[in-house]
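Here is the structure we will look at, set down as structure tokens.
Treat the numbers as computed from the prediction; the structure is a model and nothing was measured. Basis for what follows: all heavy atoms, side chains included, without hydrogens, waters or symmetry-related copies.
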Amino acid sequence: MGNFRRVPVGIVGASGYGGVQLVRLLMDHPEVEVVYLGGESSAGKPFGELYPHLAHAVNLPVEEVDPEIIGDRTEVVFLSLPNGLACEMAPKLLEKGCLVLDLSADYRFTDLTTYTNWYNKQRTDSATAATAVYGLPELYRSRIAEAQLIGCPGCYPTASLLALSPLLKQGLIIPETAIVDAKSGTSGGGRQGKINLLLAEADNSLGAYGVTRHRHTPEIEQICSDLAGHEVMIQFTPHLIPMVRGILATVYATLRDPGLVRDDLITIFRAFYRNSPWVRICESGEYPQTKWACGSNMCYIGLEVDPRTGRVIVMSAIDNLIKGQAGQAIQCMNIMMGWDETLGLPKLGFYP
Ligand SMILES: NC(=O)C1=CN([C@@H]2O[C@H](COP(=O)(O)OP(=O)(O)OC[C@H]3O[C@@H](n4cnc5c(N)ncnc54)[C@H](OP(=O)(O)O)[C@@H]3O)[C@@H](O)[C@H]2O)C=CC1
Ligand SMILES: CC(=O)N[C@@H](CCC(=O)OP(=O)(O)O)C(=O)O
């Protein structure tokens with residue numbers, strides 16, 4: 001007793017959806033102390049004014065963002081900002097010795113030309129970007145443990161890749177036949193108002209968007225190519241669904257061996273994720289629902305084989321704001337710090 005010291009952490013973009021999840025979860029994390037919250041339009045306000053239900057637990061102001069000051073006060077920094085801002089701040093924070101977890105797309109790509117083509121931003125930090133590790137612990141746990149900079153995955157890629165990885169890694173499917181059909185709640189679009197996310201627009205409606213050109217396509221393809229050992233193209237179609245939280249990704253692909261049955265694949269998926277506490281494989285024929293995952297860091301996976309078409313169908317459900325964003329970043333921090341991967345993360349969803 002007496003020597004225990006909590007690690008000082010900062011959250012930049014604390015007023016946004018990802019930021020408030022980080023605040024909520026990190027306030028209860030046994031090893032860290034939240035010492036800095038940053039924002040832009042909210043700077044200067046007490047955090048409890050933005051989120052009154054948290055005022056009794058969070059007695060911090062939102063401050064202006066100055067990497068020099070953040071670097072002096074913290075050891076771990078979460079950047080939960082719109083795309084294109086983290087790459088301006090991370091090099092300075094890393095220089096100051098911080099561990100940096102970026103929730104945007106800035107450090108997800110090994111090839112910055114791909115980033116520039118899809119995100120329309122030129123980069124001057126290629127040396128820094130080359131040190132970043134893709135923060136999907138179920139695939140890159142040992143590399144995350146050694147990293148100083150993490151590019152946390154997007155929400156759709158998290159759900160999609162957890163469904164596809166065992167199939168690609170074991171060579172069970174013809175990669176080019178893979179189709180990802182995914183649905184997201186409106187919180188996936190963030191808190192900074194967009195007309196299509198208003199209740200009056202999104203309610204009673206279900207539609208696809210970004211068909212053939214959503215920016216998560218190259219991210220999913222990058223990791224699929226890594227797993228398959230060659231360049232892979234994936235068909236990805238996202239949909240906006242009238243609910244607030246959650247993503248369901250349904251993946252279809254042709255099996256190389258049409259003799260495989262569902263139980264074979266369940267055994268393979270269970271073995272693949274045997275050391276992954278945040279993935280649960282449904283065993284007795286249930287198909288996962290987003291409400292099972294909402295509020296937790298869990299990804300639920302169910303699967304089926306269609307003997308008529310020779311296709312496997314994998315369903316993957318997550319909470320986009322937790323396993324798809326803030327929870328995954330905390331899971332990565334736990335690994336980087338050598339702590340138990342489950343520390344401070346919710347195992348059980350809100351519902352019912
Ligand atoms: N929502 C989701 O499901 C997921 C989102 N992501 C990614 O995570 C990141 C954050 O997303 P999300 O939480 O939804 O976003 P929000 O729109 O909800 O929040 C954005 C935050 O960024 C802050 N901000 C914006 N511009 C600046 C600036 N120039 N300087 C400092 N702070 C700034 C805002 O501060 P203020 O309010 O003070 O202006 C706000 O706190 C994004 O890159 C997103 O793509 C990743 C996975 C899932
Ligand atoms: C419903 C909705 O709008 N979803 C967002 C998901 C974006 C996201 O969170 O991903 P990044 O981290 O890569 O920005 C979208 O499709 O753009």
> Are any side-chain N or O atoms of Ser316 and backbone N or O atoms of Ala163, one a donor and one an acceptor, separated by less than 3.5 Å?
Replying inline: no
>> Whether the Gln331 and Glu138 side chains hold a donor-acceptor pair (N or O, under 3.5 Å, no angle test) is what I'd like checked.
In response: yes
> Is any side-chain N of the basic residue among Glu33 and Arg5 closer than 4.0 Å to the acidic one's carboxylate O?
Replying inline: no
> How far apart are the C-alpha atoms of Asp181 and Tyr252, what are their side-chain angles, what is the distance that settles it, and do they pass the side chain to side chain donor-acceptor pair (under 3.5 Å) test?
Replying inline: CA-CA 8 Å; Asp181 176 281; Tyr252 304 81; 5.6 Å; no
> Hey, is Glu146 close enough to Arg141 for a salt bridge, meaning N to O under 4.0 Å?
Replying inline: no
> Are any of the side-chain heavy atoms of Pro175 and His230 separated by less than 4.5 Å?
Replying inline: yes
> Counting N and O atoms only, with roles assigned by atom type, does the side chain of Ser296 sit under 3.5 Å from a partner on the main chain of Ala293, one being a donor and the other an acceptor?
Replying inline: yes
>> Tell me whether Asn334 contacts the main-chain N or O of Leu343 through its side chain, where contact means a donor paired with an acceptor under 3.5 Å.
In response: yes
> Just by modelled atom types, is the Leu103 backbone N or O under 3.5 Å from a matching donor or acceptor in the Ser80 side chain?
Replying inline: no
> Do NZ/NE/NH1/NH2 and the carboxylate oxygens of Lys92 and Glu68 come within less than 4.0 Å?
Replying inline: yes
> Given the rule that I, L, V, M, F, W and Y join up when any side-chain heavy atoms are under 4.5 Å apart, are Val232 and Leu139 in one cluster?
Replying inline: yes
> Got a salt bridge between Arg311 and Asp306, using NZ or NE/NH1/NH2 to carboxylate O under 4.0 Å?
Replying inline: no
>> Check whether Asp102 reaches the backbone of Gly151 with its side chain - one donor and one acceptor, N or O, closer than 3.5 Å.
In response: no
> Is it true that Glu88 and Lys121 make a salt bridge, defined as a side-chain N closer than 4.0 Å to a carboxylate O?
Replying inline: yes
> Would you say the side-chain atoms of Asn320 pair up with the backbone N or O of Cys155, donor to acceptor, closer than 3.5 Å?
Replying inline: no
>> Can you see whether Tyr107 has Arg123 sitting over its ring - NZ or CZ less than 6.0 Å from the centre and within 45° of the normal?
In response: yes
> Of all heavy-atom pairs between Gln328 and Asn297, which one has the smallest distance, and what is that distance?
Replying inline: N-OD1, 3.5 Å
